[in-house]
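One structure is given below, encoded as structure tokens.
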Amino acid sequence: MLRIKEAREKTGITQKELSVKLNITREYLSALENGHYNPSIALLKKIAQELNTSLTALIIEN
């Protein structure tokens with residue numbers, strides 16, 4: 001399970017704001033957050049960078 005939504009909410013950024021920074025649609029970001037798709041490693045790295053977190057923090061489960 002990816003922790004994109006958790007990390008995004010922690011930083012206080014909206015789906016729309018993050019999707020614009022990542023150059024993806026808000027709908028695709030929502031689908032990623034809900035586990036409907038698996039993003040590429042390159043996209044995960046961009047997400048981690050935008051959310052000021054590590055790639056590991058986005059993919060490791062508790």
Side-chain angles (χ1 to χ4, degrees):
M1 176 177 162
L2 296 175
R3 301 194 171 283
I4 298 169
K5 182 176 182 179
E6 183 180 300
R8 179 183 57 76
E9 289 177 341
K10 187 176 180 181
T11 62
I13 191 171
T14 66
Q15 281 185 337
K16 184 63 179 171
E17 292 168 330
L18 182 57
S19 65
V20 167
K21 289 181 178 190
L22 298 171
N23 198 30
I24 62 174
T25 65
R26 190 208 55 79
E27 292 81 8
Y28 182 60
L29 178 58
S30 177
L32 291 174
E33 288 184 349
N34 290 305
H36 297 292
Y37 298 107
N38 291 316
S40 67
I41 295 297
L43 180 55
L44 276 176
K45 286 180 181 179
K46 287 182 185 179
I47 292 169
Q49 182 179 8
E50 290 296 333
L51 297 178
N52 296 315
T53 191
S54 67
L55 181 59
T56 305
L58 292 179
I59 59 175
I60 298 291
E61 294 187 38
N62 285 342

Could you name each residue pair satisfying side chain to side chain donor-acceptor pair (under 3.5 Å) that touches residues 17-28, not counting sequence neighbours?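 Pairs touching residues 17-28 that pass the test: Thr14-Glu17, Gln15-Arg26.
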
Quick one: pull up CD1 in Ile60 and CZ in Arg3 and give me the separation to the nearest 0.5 Å.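 The distance works out to 9.5 Å.
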
Inter- and intrachain pairs under salt bridge (Lys or Arg N to Asp or Glu O under 4.0 Å), touching residues 33-42, at least two apart: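 Sorted result for residues 33-42: Arg8-Glu33.
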
Transitively linked via ILVMFWY side-chain contacts under 4.5 Å: Leu32 with Val20?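 No; tracing contacts between hydrophobic side chains, which count when under 4.5 Å, never links both residues.
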
Is there a side-chain contact between Ile24 and Pro39 in this structure, where contact means two heavy atoms from C-beta onward sitting under 4.5 Å apart?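 No, too far: nothing below the 4.5 Å cut-off.
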
Under 3.5 Å, which donor-acceptor pairs do the side chains of residues 41-55 form with other protein atoms, sequence neighbours left out?
from, atom 1, to, atom 2, distance (Å)
Ser54, OG, Ala57, N, 3.0

